[in-house]
2 protein chains.
Amino acid sequence: MADLAELAGVSKITVSRALSESPLVNAETRERIQALARKHGYKLNVSARNLRLRRSHTVAVIVEMKPSSGRTMWDPYPLSLLGGISQELTSAGYSVLLTTRQGATDAAVQAADGLILLGQGARQDAVRLYDKLGLPMVVWGAAAQGGDNHIVVGSDNRQGGISVAERFLSIGRRNPVFIGNPDHPEMAQRLFGFVDELAGHGIKPLLLRRADFTLESGVDAVRSLAARKVRFDAIFACSDLLAMGAIRALVELGLSVPNDVSVIGYDDTPLGASFLPPLSTVRQNWQEGGVLLARKVLGLIQGHAVQSQMMASTLVVRST
Amino acid sequence: MADLAELAGVSKITVSRALSESPLVNAETRERIQALARKHGYKLNVSARNLRLRRSHTVAVIVEMKPSSGRTMWDPYPLSLLGGISQELTSAGYSVLLTTRQGATDAAVQAADGLILLGQGARQDAVRLYDKLGLPMVVWGAAAQGGDNHIVVGSDNRQGGISVAERFLSIGRRNPVFIGNPDHPEMAQRLFGFVDELAGHGIKPLLLRRADFTLESGVDAVRSLAARKVRFDAIFACSDLLAMGAIRALVELGLSVPNDVSVIGYDDTPLGASFLPPLSTVRQNWQEGGVLLARKVLGLIQGHAVQSQMMASTLVVRST
DNA sequence: TTCGCAACTGCATACGAATGCACGGGCGTA
DNA sequence: TACGCCCGTGCATTCGTATGCAGTTGCGAA
């Protein structure tokens, strides 16, 4: 900057102002300096500016590697969150610092202006850990049980569970099964909604615990039901893959979907939509969730009052 | 740091050294200062250190948003690259700055110590753009045509195409079809390998251009072949989804896979493996590619000589 | 005693940009 | 002519940390 100042015949502070579009400097001077900067390939030193301004225009996104259950944040769909986050932050002039939670806190995270936590960790430990940094923080996940002081954004898993229960009830199903992992807070919410709604009609669903969210796991789940000669006429699977596996196994067993057994998945993946038969499922808009997360952190960073928010999840009835 | 120094009764510079594990300071003093720092929740100012040390321990990963063809980097599998990158960089003490390429260069990118470019852009324009920053740079994609000066890592798409051709030849197929988008450099390589190998046996495949890499697109492609009454006995699809769509359409048409038509996909997605019938495909190890990318940038940053590298792609023969 | 060396510690300064305040000149008004 | 104001510019200083060099202390050897 000092060099540029010399070239332009002004002081370096005028250069600084010219490059940051300050109205304090004469328009013509500003143009001249900017042209000079371009010509000589001048690059602003971001570290220096961050130091002076005490902000980095950076938001750290912390991805949980070892989740409480089998589902990883590196799975395709949770990653759509990242897409939304990145899109929103970038267009607001912020950068995304991507970190995976493993061992010590990344030093660079401390320089961030805000934090987005993807996956709250078993017993909220991740939340507590990062709370200590004292940065604006927004968490993706199930709503906090108690009076926690950080913002939470998530889709309304409980409502999702209720919707599925309502659907099963409306088509006269009496022996529903839930496949998923209740240790995962989000899945637990789905289960609670599902169970509560059914209980209102005197029905108690069977809980089939599965930690993997793969097609194979779904196949296996249904086979185990058959092996145990369980009587069931509806399946609520915690992911589309599980649901597709379940359907495959049902077909193998000679059962008809949805005549003998109704199946509803979760996430509304493109794959489920083009599955044969097209999968009924609960839609979660991950992308939009990411955008929302980003907006909330930005709000906090700018000192606005911001509230937790649950995103509606909607049942998409197709053919299963 | 000055405050800590006062508390500990030493100068701030001793504090600095104590916190960075410098052997210059007395072990006992160091312990005392570190304890004090912990107690008062002292946080190192990363911006200041970056300024002083002229490095940020950060690598920018630039994801191309609008690719030359229908495939987005936000698709699940390219994202595995990110997983590998993140894993490797984090464990080397580096942070990942995630940027999407849209409009102006993110200021924070300039502060990075190195660059990883995911998707080289049509006509290498992205590469040229970022080359100007003068940072160590590694690009994921097809090998550069000419004497470019940046490092390229990618899977050997040409070899992949050759393997598929060899397979088709070995099982006596004479009328192969290629489904994909040759505008995309990586797909183009697959096509070239495929065509060249077949040409050696006097066979010229049919090229069916498809920009979308969805199941629907695969269905549609095969239907159009049927509508045009094209004679074919083998399909090389540029993605597993395309291949699965193709198979579905073939089955609808009453054709048997693989008896009437052989189908080979690309990427070896878990989904393809559990498809019915299990999909034959070409395996690309994205995760490992990410690790490799990360290692190369780190090498460049440390001033080592580093070379471009193609990762072998292997044909996985299953049932199609 | 004196010197040399080792082990610590501290001073001054640098890193590159941005802010508060002051300064100089041009212009309009009284 | 004198005064005040605005526009444009520059000086000094600040942000928080790390390095080169210099200083201090204690101990053993000459």
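Note that the structure is predicted; figures quoted are calculated from it, not measured. Lettering of chains follows the sequences in order, A, B, ..., and the numbering in each one begins at 1.
- When each of B:T29 and B:L51 is assigned the nucleotide of DNA chain C bearing its nearest heavy atom, the one mapping closer to the 5' terminus is B:T29.
- What you find for B:P136 and B:I301 is that their closest heavy atoms are CG-CG1, 4.1 Å.
- Checked by atom type, the side-chain pair A:K296/A:Q309 shows a donor-acceptor distance below 3.5 Å.
- Between the base of D:dG10 and the side chain of A:R17 there is a donor-acceptor pair shorter than 3.5 Å.
- Atom-to-atom, CZ of A:R30 to P of D:dG8 comes out at 9 Å; the value is rounded to the nearest Å.
- A side-chain contact (heavy atoms from CB on, under 4.5 Å) with A:L293 is found for one member of A:L81, A:V152, A:I151 and no other, namely A:L81.
- Among the atoms of the strands shown, only primed sugar atoms or phosphate atoms (P, OP1, OP2) are found under 4.0 Å from some heavy atom of A:V10.
- Between B:Y42 and D:dT17 there is a side-chain N or O to OP1 or OP2 distance below 4.0 Å.
- Nearest-nucleotide positions on DNA chain D for A:P23 and A:K12 put A:P23 closer to the 5' end.
- One atom, CZ of B:R55, and another, P of D:dT17, lie 14 Å apart when rounded to the nearest Å.
- Listed pair A:R54 / D:dG16 meets the phosphate criterion, a side-chain N or O lying under 4.0 Å from OP1 or OP2.
- As judged by a 4.0 angstrom heavy-atom cut-off over every strand, B:S20 is placed among residues making no nucleic acid contact.
- The residue B:L24 sits close to a base: some heavy atom pair falls under 4.0 Å.
- Between B:G9 and A:S16, it is B:G9 whose nearest contact on DNA chain C lies nearer the 5' terminus.
- In this structure, CE of A:M1 is placed 14 Å from P of D:dG10, rounded to the nearest angstrom.
- Side-chain N or O atoms of B:H184 include one that pairs as donor or acceptor with a backbone N or O of B:E186 at under 3.5 Å.
- If you check every strand for non-hydrogen atoms under 4.0 Å, B:R49 touches sugar and phosphate atoms only.
- Heavy-atom contacts of chain B under 4.0 Å fall on DNA chain C between two terminal nucleotides, which in 5' to 3' order are C:dC8 to C:dG16.
- Side-chain atoms of A:S22 do not come within 3.5 Å of backbone N or O of A:A18 as any donor-acceptor pair.
- Side chain of B:T14 to main chain of B:V10: no donor-acceptor pair is present (N/O by atom type, distance under 3.5 Å, no hydrogens or angles).
- Shortest non-hydrogen contact noted between A:G289 and A:V153 is O-CG1, 4.4 Å.
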